[in-house]
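As structure tokens, the structure follows; a few thoughts come after it.
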Amino acid sequence: MEIPFAENYKIKMVEPIYRSTREQRVRWIAEANYNLFNLRSEQVFIDLLTDSGTGAMSDRQWAAIMTGDESYAGSSSYYHLKETIRSIFGFEYFLPTHQGRAAENVLFSALVKEGDLVPGNSHFDTTKGHIEYRKAKAIDCTVDEAFDTESKFPFKGNVDLAKLEEVLKLQPEKNIPAIIITITCNTSGGQPVSMDNMKAVKQLADKYGVPVIYDSARFAENAWFIQQKEEGFAGKTIREIVSEMFSYADAMTMSSKKDGAVNIGGFIAMKDVSWYEKASTFNIMYEGFVTYGGMAGRDMNALAVGLNEVTTNDFLDTRIKQVHYLGDQLIEYGIPVQHPIGGHAVFVDAKKFFPHVPKEEFVAQTLAIILYLEAGVRGVEVGTLLADRDPETRDNRYPKLEFLRLAIPRRTYTNNHMDVVAAGLKNIYDIRDEIRTGLRIRKEAPIMRHFTVQLDKV
Ligand SMILES: *Cc1c(COP(=O)(O)O)cnc(C)c1O
């Protein structure tokens with residue numbers, strides 16, 4: 001028989017987790033005002049809220065922690081990381097930051113001005129936030145396939161070149177400081193961008209003289225999809241693919257909490273020395289001196305090791321196959337999900353799951369709460385709560401898609417845990433027709449309400 005796939009690690013240290021009872025969860029979620037962000041982590045059995053900074057480090061990363069250099073200026077850990085970034089991404093200049101949004105804040109302080117347009121595929125919410133905060137506009141040029149959850153198109157993160165060119169043509173009336181491509185595209189469901197598309201975006205960008213920045217949180221997962229699904233890349237290593245991907249970019253922002261495989265950290269890297277010089281000033285103001293930028297030396301050391309580990313098939317096969325293991329089970333149970341399954345999370349299509357729950361009653365949040373009650377699993381709503389109200393009319397904005405996102409932390413749970421998640425969802429799916437009501441808002445903040453909102457059962 002064929003030898004099956006197995007994880008490329010064994011476990012050296014474990015963290016006990018508590019399996020609560022339904023009675024406890026009923027009480028806790030009411031005390032949390034039906035907001036999963038308000039739960040204590042001990043009240044959660046399997047935590048799929050996010051894959052950001054929640055993964056396990058390797059023994060080699062922990063060893064690197066012990067040899068970190070905490071010098072304020074010029075630490076060996078900084079140079080270790082700088083050399084690693086240069087060899088993986090090909091960028092000569094780099095600035096550490098304390099996480100991804102800090103990288104955006106620093107780089108956009110140097111680049112983005114009031115009235116600017118910043119096109120790309122679906123911008124991540126902090127990216128959009130940092131653009132809009134500067135009174136500039138993020139323009140979504142994602143391909144239409146991304147919005148059809150049943151389309152099996154393999155590269156739903158791709159930029160629609162015609163939509164992009166429409167925006168680029170608005171120059172010189174409008175200033176376009178950069179195109180931002182998010183790899184993989186978190187907002188459209190962890191969906192990859194093809195090499196072909198990256199290359200074409202760069203060609204178009206060059207034609208109009210606009211630089212290209214990659215929002216790179218899950219760059220290695222993106223490379224894996226290119227290797228697996230794009231013609232001509234099956235024989236290439238992840239490192240070769242990453243290297244080609246970044247040859248079509250002028251700069252990158254990174255949340256190291258994702259494909260850096262560390263618990264905190266971020267960075268900016270770029271080709272151009274003048275961008276580096278401009279950004280350095282903001283880095284010093286907002287983050288710290290250019291050789292640590294909000295990171296401890298030990299964390300830069302662990303990040304350097306993490307970047308080398310994630311850019312291998314050993315790591316990525318294990319990582320993404322686990323996400324697909326969960327996704328395939330849900331598909332087998334007939335549960336509606338975003339197709340194809342992305343790199344870091346499974347997105348359950350809540351509107352299709354609960355057709356009887358009115359959209360005014362927060363369909364995806366309702367599913368998230370019921371899954372917690374059923375199995376102690378914490379996912380996150382990506383739907384109407386997150387979409388917030390229209391700033392002018394104050395009406396709820398109802399997005400095209402309402403998702404329950406189940407994000408899988410790296411190297412953290414076993415496939416038995418995935419079985420628990422799948423069984424929990426299956427039990428709910430079996431009684432879906434009985435669920436006809438959702439939640440209503442008792443209290444909410446004026447912006448970013450999903451973190452603190454208080455809800456009642458209808
Ligand atoms: C997480 C993330 C960010 C922001 O990074 P933080 O480390 O959470 O500040 C930006 N872009 C993308 C695509 C992300 O996934």
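Below, all heavy atoms of this structure are taken into account, side chains as well, without hydrogens, waters or symmetry copies. For clarity, every value in this text was computed on a predicted model and none was experimentally measured. Just so you know, ligand 1 is whichever comes first in the structure, and atom 1 is the first atom listed for that ligand.
Of all the atoms in ligand 1, the ones that sit under 4.0 Å from a non-hydrogen atom of E104 are 10 (C), 11 (N). If you number the atoms of ligand 1 from 1 as listed, the ones under 4.0 Å from a heavy atom of R218 come out as 15 (O). Counting atoms of ligand 1 from 1 in the listed order, those under 4.0 Å from a heavy atom of T182 are 13 (C).
Counting heavy atoms of neighbouring residues, nucleotides and ligands inside a 6.0 Å radius, atom NZ of K352 exceeds 12 of them.
Taking only nitrogen or oxygen atoms, main chain and side chain alike, T184 does not reach within less than 3.5 Å of ligand 1. Checked against a 3.5 angstrom limit, the closest N/O atoms of K257 and ligand 1 fall outside it. In terms of N/O distances under 3.5 Å, ligand 1 is approached by G100. Any N or O atom pair closer than 3.5 Å counts here, and K258 shares at least one such pair with ligand 1.
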task = With side chain to side chain contact (heavy atoms under 4.5 Å, CB included) as the test, would you mind laying out the steps for L81 and L307 before giving the verdict?
result = CA-CA 9 Å; L81 181 54; L307 288 169; 4.0 Å; yes
request  = Applying side chain to side chain contact (heavy atoms under 4.5 Å, CB included), run through M254 and D259 and close with a yes or a no.
outcome  = CA-CA 9 Å; M254 177 69 187; D259 279 352; 4.2 Å; yes
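In this structure the side chain of Q322 reaches within 4.5 angstrom of the side chain of N415, judged on heavy atoms.
For atom 7 (O) of ligand 1, the nearest protein heavy atom (residue, atom name, distance) is S255 OG, 2.7 Å. Looking from atom 11 (N) of ligand 1 to the surrounding protein, the closest heavy atom is D215 OD2, 2.8 Å. Looking only at heavy atoms of the protein, atom 4 (C) of ligand 1 is closest to T126 OG1, 3.6 Å.
Under 4.0 Å from ligand 1, heavy atoms of R101 appear from its side chain as well as its backbone.
Both tests pass for K258 against the ring of F124: distance under 6.0 Å to the centre and angle within 45° of the axis.
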